[in-house]
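Fair warning: this is a prediction, and the values are worked out from it, not measured in the lab. Sequence lines set the chain letters: A, B, ... in the order given, protein chains first and strands last, and positions in each chain run from 1.
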Protein chains: 2
Amino acid sequence: MFNTSQRELLRVISESGPLSRTDLAAAIGLSKAAMSGIARELIDRGVLHETETVYGQGRPSVLLDLKPECAFFIGISLLEDPAPMILSDLNGNIIARQQLPHSRDPKVIANAIAYGLPEILKGHPQASSKLAGIGVALSGFVDEKQATCVQSTLLGWQDVPLAEFIRQASGVDTFIENDAKAVAVSEKLFGIARDVPNFSIVSLGDGIGCAHVIDGRLYRGNHGGAGEIAHATIEPGGAPCRCGKRGCLDTIASMTAIKEMARAAGLKCTSLSELEEEASLGTAEAIAIIHKAGAAIGLAISHLIQMNDPGMILVTHVEGSFEGLFGTVVQQAVEANVLPRYAGQTPIRTRRVDSDVWARGAASIAAHNFLIGPNIS
Amino acid sequence: MFNTSQRELLRVISESGPLSRTDLAAAIGLSKAAMSGIARELIDRGVLHETETVYGQGRPSVLLDLKPECAFFIGISLLEDPAPMILSDLNGNIIARQQLPHSRDPKVIANAIAYGLPEILKGHPQASSKLAGIGVALSGFVDEKQATCVQSTLLGWQDVPLAEFIRQASGVDTFIENDAKAVAVSEKLFGIARDVPNFSIVSLGDGIGCAHVIDGRLYRGNHGGAGEIAHATIEPGGAPCRCGKRGCLDTIASMTAIKEMARAAGLKCTSLSELEEEASLGTAEAIAIIHKAGAAIGLAISHLIQMNDPGMILVTHVEGSFEGLFGTVVQQAVEANVLPRYAGQTPIRTRRVDSDVWARGAASIAAHNFLIGPNIS
DNA sequence: GACAATAAGTTCACAAAATGAACCAATCAA
DNA sequence: TTGATTGGTTCATTTTGTGAACTTATTGTC
């Protein structure tokens with residue numbers, strides 16, 4: 001599909017945005033002459049197009065950008081039920097939406113996807129001919145080939161070769177990935193982290209997820225377990241966790257844990273926002289819970305910073321209100337536990353996730369394979 | 001010096017040991033034809049040589065290995081005073097030793113190195129003509145070009161362009177690196193981690209160091225601060241640390257801290273070995289101190305495993321006795337705080353360091369630049 | 001002991017990818 | 001208007017790699 005230099009070019013543009021031929025040549029380390037040919041071919045093939053003309057001294061430069069409609073991807077999130085399925089272009093724009101019928105049987109899911117494919121592509125002839133891949137996001141462990149779900153508690157799966165099932169049913173190249181890792185890739189390709197080579201994402205939801213992008217690539221770890229901070233021990237000897245240990249971050253700071261603590265304290269809050277509201281009224285228990293959870297997350301993030309020195313931390317949160325007390329506590333806990341030399345040196349950005357995030361993340365896994373090649377060395 | 005394919009070949013051999021031309025071709029992704037030419041050139045240049053002949057079915061294969069004497073490196077450790085300076089070959093073998101006169105003035109050090117160079121090379125004519133670089137290990141932060149010491153408390157330095165000073169004084173290419181990071185590279189090139197693409201090293205000494213190798217390359221972090229676990233908060237609200245925070249790992253588990261705790265408990269132990277001995281006699285305070293320190297290290301390592309899922313953890317320790325109670329406690333603490341699914345999945349190897357380790361680590365930084373190119377993307 | 005079977009490694013004509021140098025193109029500044 | 005400046009193209013040449021046929025050195029088998 002693409003050779004090494006072409007891939008490199010796509011990667012650079014996808015990171016840095018539109019660039020002139022000369023800048024691209026410099027960024028990739030090729031001569032202007034070579035660049036000229038590569039650009040021409042990719043323009044002819046409809047992958048690149050000329051956008052802005054930038055005037056300065058000398059001949060103006062013509063910026064080249066990826067054509068968003070040069071490839072399309074299907075993204076499916078198995079985190080919700082029914083599972084949303086989206087059609088996305090190369091910019092992460094969602095072109096069409098659909099829902100898969102409820103099921104946890106891998107083969108049924110694969111067939112449902114194959115069945116839904118013509119449906120979601122209907123009315124998008126371009127996308128039909130340029131469909132480049134399917135991505136699936138799920139909660140659980142995935143092997144390094146992004147093909148098999150090694151284990152998923154939520155789905156009750158063990159060593160399920162889902163990618164192969166879908167590939168066979170649909171005839172389209174398919175990759176699966178853990179939810180947090182998919183969102184990390186999505187932010188790298190489509191989002192706020194495009195030009196950040198090293199960053200980590202921390203996702204707060206019913207559970208806590210985390211993933212690292214290192215040197216511009218998703219770092220999966222030796223067993224695909226990089227980023228499993230949910231079960232890092234934050235409170236030695238603390239509350240028992242469903243994993244069998246005690247004091248895991250998950251037992252203190254996941255939304256499930258927060259709600260449980262609120263219930264145990266006799267508060268009638270069913271969400272973090274409600275708890276925030278209660279805290280703003282001065283309810284001591286609510287404040288204490290928010291402090292405990294926020295401090296735990298902050299401590300975990302501080303460990304992340306000390307350990308890996310990322311260029312950015314991106315916190316995604318389902319239930320909003322990170323601007324309130326909870327967010328403040330997290331920020332303070334990070335600052336308090338990071339080497340003073342580094343305090344404030346690692347930007348922490350937050351993002352409220354909507355239900356599209358997972359499906360778009362899934363699509364980005366397919367886009368990553370299209371643009372940069374498989375995530376293996 | 002070397003082109004891309006040649007570099008790749010050197011990297012593969014340095015990772016996997018001697019390989020046949022056919023295996024090399026497959027590993028690098030080149031044709032046998034291309035491999036044939038590359039091997040011939042590198043053999044002619046004295047970089048590779050044929051070693052063993054392996055008999056199987058068909059024509060036997062001839063293994064190619066790096067010639068250790070194809071390049072030599074100088075390694076200097078500024079962690080000790082006087083600073084040891086070694087001459088090493090491409091296998092990390094130490095060919096000659098010397099000591100630099102005491103100084104903390106960068107220019108004086110640079111001149112001392114230049115002055116000592118002919119001395120240490122004397123009697124090694126091969127090394128003189130094939131000296132490929134100088135590496136310096138120091139305690140502190142180093143910039144991503146491995147040229148400037150951004151800050152070193154131990155040396156009292158701030159933004160010292162040491163590499164440039166040495167380069168000018170000696171005329172030899174020079175790179176500097178943090179001590180733990182240098183040892184990590186050394187273990188990757190010369191040591192136990194040769195064939196492990198992802199691993200972390202934890203060095204226990206007067207202070208606590210840590211470094212990560214990811215995808216076969218040293219991962220330095222966004223500000224060169226990856227691996228600074230010494231100041232991760234392990235005991236919130238614990239003892240004040242010289243860094244300004246409280247409860248840092250450094251205040252609980254560094255040799256300095258352990259000795260201080262022993263002193264405070266009224267024990268006359270001046271080393272971990274002595275403390276181990278005391279503990280084996282049943283002295284409760286000694287046992288408590290070892291437990292506290294070991295549990296802290298174990299907890300930190302468990303965070304490392306959960307966060308990054310390395311293929312191996314290598315613990316280097318200055319004061320031996322990791323086989324005793326301390327080592328056991330560390331191992332237990334790791335197992336207890338790691339997701340049960342992963343328990344025992346991450347091998348923890350230990351290595352007692354002698355005083356050569358830092359200097360050899362320093363030399364390995366130069367060797368890395370020779371073999372694999374600069375540690376920047 | 002001859003001879004297939006097998007696999008390693010080489011040779012060579014050719015193709016692909018990149019380069020350097022010269023050149024054309026489009027602007028600004030004087 | 002003209003020169004300086006920078007972006008981009010062309011083309012002959014060099015570098016790098018390939019595929020297929022071939023040579024080489026062994027084991028296994030009849």
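Comparing dG20(C), dA18(C), dT18(D) by their closest approach to the side chain of Ala34(A) singles out dA18(C). The listed nucleotides are dT24(D), dG17(D), dC11(D); the one nearest the side chain of Arg59(B) is dT24(D). Considering only the side chain of Thr22(B), dA8(C) comes nearest among dA8(C), dT6(C), dT27(C). When distances are taken from the side chain of Asn3(B) to each of dT16(D), dG9(C), dT5(D), the shortest belongs to dT16(D). The side chain of Ala33(B) has dA20(D) as its nearest neighbour among dA18(C), dA20(D), dG8(D). Side-chain proximity of Lys32(B) to the nucleotides dT18(D), dG17(D), dG9(C) is greatest for dG9(C). Picking from dG9(C), dT18(D), dG8(D) the nucleotide with the shortest atom distance to the side chain of Arg21(B) gives dG9(C).
Rounded to whole Å, atom P of dT10(C) lies 14 Å from atom CG of Leu30(B). dG9(C) atom C1' lies 11 Å from atom CG of Leu64(B), rounded to whole Å. Atom CG in Asp23(A) sits roughly 12 Å away from atom C1' in dG8(D) (whole-Å rounding). If you measure from atom CD of Glu8(A) to atom P of dA18(C), you get 11 Å, rounded to the nearest angstrom. Rounded to whole Å, atom C1' of dT29(D) lies 11 Å from atom CD of Gln57(B). If you take CG of Leu24(B) and P of dT10(C), they are 12 Å apart, rounded to a whole angstrom. Atoms CD (Gln6(B)) and C1' (dG17(D)) sit 13 Å apart, rounded to a whole Å. The distance from atom OH of Tyr55(B) to atom C1' of dA7(C) is 14 Å, rounded to the nearest whole Å.
Both Thr4(A) and Thr53(A) sit near DNA chain C, but only Thr4(A) has its closest nucleotide nearer the 5' end. Comparing Gly29(A) and Met35(B), the nucleotide of DNA chain C nearest to each residue sits closer to the 5' end for Met35(B).
Among the protein residues, Ser31(B) comes within range of the nucleic acid bases, having at least one heavy atom under 4.0 Å from a base atom.
Formation of a donor-acceptor pair under 3.5 Å by the Arg7(A) side chain with backbone atoms of Leu371(A) is found in this model. With Asn198(A) contributing its side chain and Ile214(A) its backbone, the two residues share no donor-acceptor pair below 3.5 Å.
Side-chain contact of Glu177(B) with Gln146(B): a donor-acceptor pair under 3.5 Å is present, judged by distance alone. With no hydrogens or angles considered, a side-chain donor-acceptor pair links Asn308(B) and Asn308(A) at under 3.5 Å.
Residue Ser61(A) has no polar side-chain atom (N or O) positioned under 4.0 Å from OP1 or OP2 of dT6(D). Between dG8(D) and Ser20(A), a contact under 4.0 Å exists linking OP1 or OP2 to a side-chain N or O.
A salt bridge links Glu50(A) with Arg21(A): at least one charged nitrogen is closer than 4.0 Å to a carboxylate oxygen. A salt bridge links Lys188(B) to Glu15(B): at least one charged side-chain nitrogen sits closer than 4.0 Å to a carboxylate oxygen.
At a non-hydrogen distance threshold of 4.0 Å, nothing from residues 36-50 of chain A comes into contact with DNA chain C.
Ring to ring, Tyr219(A) and Tyr219(B) are not that close: their centroids are 6.0 angstrom or more apart.
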Verdict with supporting geometry, Lys130(A) and Glu69(A), side-chain contact (heavy atoms from CB on, under 4.5 Å): CA-CA 8 Å; Lys130(A) 292 180 174 169; Glu69(A) 64 275 19; 5.5 Å; no

